[in-house]
There are 2 protein chains.
Amino acid sequence: MVAPSLRARVRAGMIEEIKTVARRHLDTDGANLSLRAVARDLGMVSSAIYRYFPSRDDLLTALILEAYDALGDAVEAADAAADQADLRGRWLAACRAARAWALAHPAEYALLYGSPVPGYAAPDDTVAPAQRPPVTLVGILRDGLATGRLAPPGEDLSEPLRGDVAELVGLLGMDVPPALLARGMAGWTQLFGLISFELFGRINRALPHRDEYFDHQIGLMADLVGLP
Amino acid sequence: MVAPSLRARVRAGMIEEIKTVARRHLDTDGANLSLRAVARDLGMVSSAIYRYFPSRDDLLTALILEAYDALGDAVEAADAAADQADLRGRWLAACRAARAWALAHPAEYALLYGSPVPGYAAPDDTVAPAQRPPVTLVGILRDGLATGRLAPPGEDLSEPLRGDVAELVGLLGMDVPPALLARGMAGWTQLFGLISFELFGRINRALPHRDEYFDHQIGLMADLVGLP
DNA sequence: CTGCGTCAAGAGCGGCGCTCTCGCTTTTGA
DNA sequence: TCAAAAGCGAGAGCGCCGCTCTTGACGCAG
């Protein structure tokens with residue numbers, strides 16, 4: 001561990017500063033991040049940014065990675081803070097944490113889960129952090145199965161699908177029946193849909209009590225996945 | 001009804017041609033539609049487009065309206081084509097039709113349900129066509145309740161929410177218990193989430209049998225809303 | 001035939017992502 | 001120690017973009 005040189009430290013600070021300003025622009029101006037505007041805010045010329053990020057997409061990728069981790073942290077922390085024996089409480093807490101993070105960072109949420117930026121292809125290192133929220137949800141179900149608090153799913157998957165999902169189970173390293181993983185993914189899909197509708201859509205314009213609506217819907221979903 | 005002049009007919013044809021080319025660009029190049037590229041394809045100069053659409057956003061709005069109607073048509077047609085007594089069959093057919101349309105027109109689906117375009121605000125006339133798919137789904141539930149094939153929902157909504165949803169029931173002109181409308185919206189939310197994950201996400205990269213996965217998940221959801 | 005409304009074209013404005021060059025400073029290694 | 005190497009910011013410039021304004025040609029009704 002050699003001490004970083006002055007230049008390396010200044011460089012790291014500069015990278016952080018660029019990301020901070022870019023995140024601010026993202027939250028105020030929406031998804032179309034302008035490198036030139038970020039550079040102006042920093043009192044630099046746009047070409048100087050390219051010393052730190054080889055392209056606008058790479059800057060976006062850095063922001064996306066941090067956002068995935070922030071969301072994953074929030075969801076996992078909420079799950080961990082709940083009474084571990086109260087499966088339904090853990091599930092609801094994880095869902096509420098995801099929504100709270102999304103409402104607090106709408107532009108970053110849109111970056112993660114909105115329509116993909118046309119020219120942009122997410123690199124592979126975004127896959128693992130992106131899976132943290134659904135893995136957390138499925139983990140709650142796995143704990144329930146392991147402690148006997150959750151009944152095994154009554155349905156099973158028909159053949160071509162069971163192989164796929166079983167492989168996914170192995171990939172995630174979670175020992176659950178494929179049908180239960182499918183239920184967990186249904187819950188994750190519903191959670192994503194609820195948050196997206198609230199953030200993007202105008203569905204809920206007629207629903208002033210958004211918190212109650214969200215709670216009711218994740219309650220329905222907790223019933224579906226089998227949480228008592 | 002006066003006969004349209006030659007000029008008016010040419011103008012209407014030109015508007016259609018612009019929309020057709022723009023839709024093609026949308027499907028190939030993604031969401032960032034370039035007025036100049038559309039004009040090039042038409043052998044025009046970019047400024048000429050402004051004779052027909054006052055701005056790029058107005059062209060986008062025209063495409064969005066048509067896309068909402070196309071999706072609504074597809075979903076309603078699938079529902080109408082099914083055996084009206086088979087509620088679950090109608091529900092599944094409507095869901096499959098929505099997915100099929102989205103897979104056939106991914107860029108237009110992204111325009112409707114992806115993250116909102118930064119500067120763009122959807123005008124009010126997009127609200128009604130946007131509600132056609134969820135209204136279709138809830139309509140199936142309403143028919144089930146009316147014919148006694150669907151049991152009324154066991155749960156009820158707690159107070160601040162019940163008023164909201166009851167108002168929404170009146171707004172849509174559908175006579176269903178608020179809790180049932182909430183279930184229908186849960187189904188619509190799930191459908192949107194499933195399609196969006198398949199189109200945008202990389203969740204299903206490990207699931208080659210997408211049709212089967214989709215069918216399994218909408219089957220779960222049909223169970224939740226109470227369809228036998 | 002004349003004048004009005006519509007049309008396509010062109011020039012131009014400011015902004016964008018990105019590249020390349022040019023001096024300047026810091027770091028590095030013989 | 002001191003020159004070579006590497007990193008840095010500024011600037012000019014490329015080809016895009018949405019959009020505006022002006023110009024000259026054309027169809028059409030009075």
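By convention in this document, chain letters (A, B, ...) are assigned in the order of the sequence lines, proteins followed by strands, and residues within each chain are numbered from 1.
Across the protein-nucleic acid pair, R51(A) atom CZ and dT21(C) atom C1' stand 10 Å apart, rounded to whole Å. When the C1' atom of dG17(C) is taken as reference, atom CG of L60(A) falls 12 Å away, rounded to whole Å. One can place CG of D58(A) at 9 Å from P of dC18(C), the figure rounded to the nearest angstrom. Taking atom NE2 on H25(A) and atom P on dG17(C), their separation rounds to 11 Å, with Å as the unit. To the nearest angstrom, P of dG18(D) lies 5 Å from CG of L35(B). Atom CG of L42(A) is separated from atom P of dA10(D) by 11 Å (rounded to the nearest Å). In this structure, I49(B) places its CD1 atom 11 Å from C1' of dA8(C), rounding to the nearest Å. A straight line from CZ of R40(B) to C1' of dG18(D) spans 13 Å, rounded to a whole angstrom.
Dashed line: the shortest gap from a side-chain N or O of S46(B) to OP1 or OP2 of dG18(D) is not under 4.0 Å. Contact annotation: R56(A) does not reach the phosphate of dC16(C) (side-chain N/O to OP1 or OP2, under 4.0 Å). Taking 4.0 angstrom as the limit, R11(B) places none of its side-chain polar atoms (N or O) nearer than this to OP1 or OP2 of dT6(C). Residue Y52(B) has a polar side-chain atom (N or O) positioned under 4.0 Å from OP1 or OP2 of dA8(C).
At a threshold of 4.0 Å, the pair D211(B)-R99(B) counts as salt-bridged, since one of the basic side-chain nitrogens sits closer than that to a carboxylate oxygen.
Classification of the W188(B)-F197(A) ring pair by plane angle, with boundaries at 30° and 60°, yields parallel. Classified by interplanar angle (parallel below 30°, tilted 30° to 60°, perpendicular above 60°), the ring pair Y68(B)/Y113(B) is perpendicular.
Using modelled atom types and a 3.5 Å distance limit, the side chains of Y50(A) and S55(A) yield no donor-acceptor pair. Judged purely by distance below 3.5 Å, without hydrogens or angles, the side chains of T61(A) and D58(A) never pair a donor atom with an acceptor atom.
One cannot find a donor-acceptor pair under 3.5 Å joining the base of dG18(D) and the side-chain atoms of S55(B). A donor-acceptor contact under 3.5 angstrom links the side-chain atoms of R36(B) to the base of dG18(D).
When the nearest nucleotides of DNA chain C are assigned to S47(A) and A37(A) by heavy-atom distance, the more 5′-ward of the two goes with A37(A).
Using a 4.0 Å heavy-atom cutoff across all strands shown, F53(A) reaches no nucleic acid atom at all.
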